Amino acid sequence: MTDRRAQIIASLEEGRKETLSFFRSQTPEQLETQVYHDEVTWTARQVLAHLVTIERSMQRLCRDMLAGGPGTPPDFDVDRFNRTQPQKLDGLTFDELAEQFSHVRGETIAIVEAMSDKDLDRKGVHAFHGPGTLDRFIRWAYEHARLHEADVRRVLEPATS
């Protein structure tokens with residue numbers, strides 16, 4: 001395995017641990033706290049659901065690019081996806097949702113493990129980032145989680161102070 005793939009895998013694994021630890025450290029009341037109020041209205045719990053659903057879609061992007069495709073289809077509406085997909089997981093218990101996140105991240109790790117170094121340089125289109133490389137899109141998975149966790153922390157800090 002190349003150093004680049006090993007570093008990505010290590011970051012994905014560490015990100016999985018950190019994300020699960022962060023969300024598991026919240027009380028049930030904190031998990032139901034509204035984090036976003038604009039285009040999407042998610043609670044902290046729904047932020048975790050978003051991480052599950054968006055990473056699943058990122059896996060489709062990876063598989064498409066690995067098969068020689070362009071990545072995100074031109075008709076993909078990321079705003080609509082974000083408005084509709086996380087709520088589909090509302091019926092899960094928190095433990096089930098956390099397990100879903102762990103599982104989906106494990107699938108992403110398996111995709112990277114099966115790649116060659118050259119695969120990371122494949123070019124395609126990401127729904128949010130636009131044109132770029134598979135390397136960049138995969139790294140976004142753990143960066144994306146960190147950004148949302150920071151938003152959740154900002155909302156919850158006044159409640160814990």
Side-chain angles (χ1 to χ4, degrees), residues 5-65 71-73 75-115 125-130 132 134-161:
R5 283 190 318 131
Q7 188 273 326
I8 291 170
I9 290 166
S11 294
L12 289 167
E13 288 174 341
E14 183 62 25
R16 173 171 46 186
K17 290 177 196 165
E18 290 173 1
T19 296
L20 289 170
S21 176
F22 172 72
F23 282 98
R24 285 182 173 144
S25 73
Q26 307 309 312
T27 67
E29 294 78 22
Q30 288 172 315
L31 289 170
E32 295 309 317
T33 300
Q34 198 77 33
V35 176
Y36 299 109
H37 304 276
D38 299 326
E39 298 208 10
V40 294
T41 53
W42 294 336
T43 62
R45 185 183 184 290
Q46 288 170 319
V47 170
L48 181 58
H50 165 68
L51 296 176
V52 171
T53 61
I54 203 71
E55 192 148 338
R56 280 186 188 141
S57 74
M58 193 269 308
Q59 291 170 359
R60 287 189 292 277
L61 173 136
C62 288
R63 289 184 183 109
D64 181 74
M65 289 175 64
T72 302
D75 62 343
F76 182 78
D77 183 343
V78 69
D79 292 329
R80 185 174 137 260
F81 181 89
N82 285 337
R83 280 191 313 273
T84 61
Q85 295 307 301
Q87 69 192 28
K88 291 182 178 182
L89 302 181
D90 282 350
L92 298 178
T93 67
F94 173 75
D95 288 338
E96 290 169 332
L97 185 59
E99 181 55 37
Q100 289 263 332
F101 177 78
S102 182
H103 181 76
V104 77
R105 178 56 59 91
E107 289 175 341
T108 299
I109 291 167
I111 289 169
V112 177
E113 287 173 336
M115 288 181 184
V125 178
H126 186 280
F128 181 75
H129 289 289
L134 198 47
D135 178 301
R136 180 68 192 111
F137 302 158
I138 293 166
R139 290 176 192 270
W140 175 244
Y142 51 86
E143 293 167 1
H144 179 236
R146 295 287 83 72
L147 292 171
H148 281 298
E149 287 168 31
D151 290 343
V152 172
R153 276 187 182 90
R154 274 192 291 280
V155 169
L156 294 180
E157 277 179 6
T160 60
S161 300

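Please read these numbers as outputs of a predicted model, since none were measured by experiment.
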- Tell me, with the steps shown, if Trp42 and Gln87 meet side chain to side chain contact (heavy atoms under 4.5 Å, CB included). CA-CA 9 Å; Trp42 294 336; Gln87 69 192 28; over 6 Å; no
- Query: Under 3.5 Å, is there a donor-acceptor pair linking the side chains of Tyr36 and His50?
  - Reply: no
- Item | Heavy-atom pair with the smallest gap, counting every atom of Ala127 and Val78 | CB-CB, 4.0 Å
- Task: Please identify each residue that fulfils side-chain contact (heavy atoms from CB on, under 4.5 Å) with Ala141, with sequence neighbours left out.
- Result: Leu12, Glu55, Met58, Arg105
- Query: Under 3.5 Å, side chain of Glu32 to main-chain N/O of Pro28, donor-acceptor pair present?
  - Reply: no
- Message: Tell me whether Ser57 contacts the main-chain N or O of Ile54 through its side chain, where contact means a donor paired with an acceptor under 3.5 Å.
- Response: yes
- Distance col, row Phe128:CZ vs Asn82:CG, nearest 0.5 angstrom, shows 9.5 Å
- Message: Using only atom types and a distance under 3.5 Å, with no angle test, would you say the side chain of Thr84 pairs donor to acceptor with the backbone of Arg80?
- Response: yes
- Message: Tell me whether Asp135 is salt-bridged to Arg139, with the criterion being a basic N under 4.0 Å from an acidic carboxylate O.
- Response: yes
- Message: Measuring only between side-chain heavy atoms, which start at C-beta, is Leu48 closer than 4.5 Å to Val152?
- Response: no
- Task: Please state whether the rings of Trp140 and His144 are parallel, tilted or perpendicular, taking 30° and 60° as the class boundaries.
- Result: tilted
- Query: Would you say Thr43 and Val35 make side-chain contact, with heavy atoms under 4.5 Å?
  - Reply: no
- Message: Among residues at least two apart in sequence or on other chains, which ones pass ring pair (Phe, Tyr, Trp, His ring centres under 6.0 Å) with His103?
- Response: none
- Report the residues that fulfil ring pair (Phe, Tyr, Trp, His ring centres under 6.0 Å) with Phe23, sequence neighbours left out, ordered by chain and then residue number. none
- Qualifying residues under side-chain hydrogen bond (donor to acceptor under 3.5 Å, both in side chains), relative to Glu143, sequence neighbours excluded: Arg136
- Message: Using side-chain heavy atoms (C-beta onward) and a distance below 4.5 Å, is Thr108 in contact with Gln59?
- Response: yes
Donor-acceptor list for residues 92-99 side chains, cut-off 3.5 Å, not counting sequence neighbours:
{"residue": "Thr93", "atom": "OG1", "partner": "Glu96", "partner atom": "N", "Å": "3.0"}
{"residue": "Thr93", "atom": "OG1", "partner": "Glu96", "partner atom": "OE1", "Å": "3.4"}
{"residue": "Glu96", "atom": "OE1", "partner": "Thr93", "partner atom": "N", "Å": "2.8"}

- Query: Taking the side chain as C-beta and beyond, is there a heavy-atom pair between Tyr142 and Glu14 under 4.5 Å?
  - Reply: no
- Query: Are any non-hydrogen side-chain atoms of Phe76 and Leu61 less than 4.5 angstrom apart?
  - Reply: no
- Task: Say whether Thr19 and Arg146, considering side chains only, have a donor N or O and an acceptor N or O under 3.5 Å apart.
- Result: yes
- Message: Testing the basics here: between Ile111 and Cys62, what is the closest heavy-atom pair and its distance to 0.1 Å?
- Response: CG2-CB, 4.2 Å
- Message: I want to check something: taking the side chain as every heavy atom from C-beta on, are Met115 and Ile138 in contact at a cut-off of under 4.5 Å?
- Response: yes
- Item | Side-chain (Arg16) to main-chain (Ser102) donor-acceptor, under 3.5 angstrom | yes
- Item | Any donor-acceptor pair under 3.5 Å from Thr53 side chain to Gln85 backbone | no
- Note on the structure: Minimal heavy-atom distance between Ala49 and Pro86, with the atoms involved, is CB-O, 3.7 Å
- Task: Could you list the residues that satisfy side-chain contact (heavy atoms from CB on, under 4.5 Å) with Thr27, not counting sequence neighbours?
- Result: Glu29, Gln30
- Item | Gln34 side chain to Thr41 backbone, donor-acceptor under 3.5 Å | yes
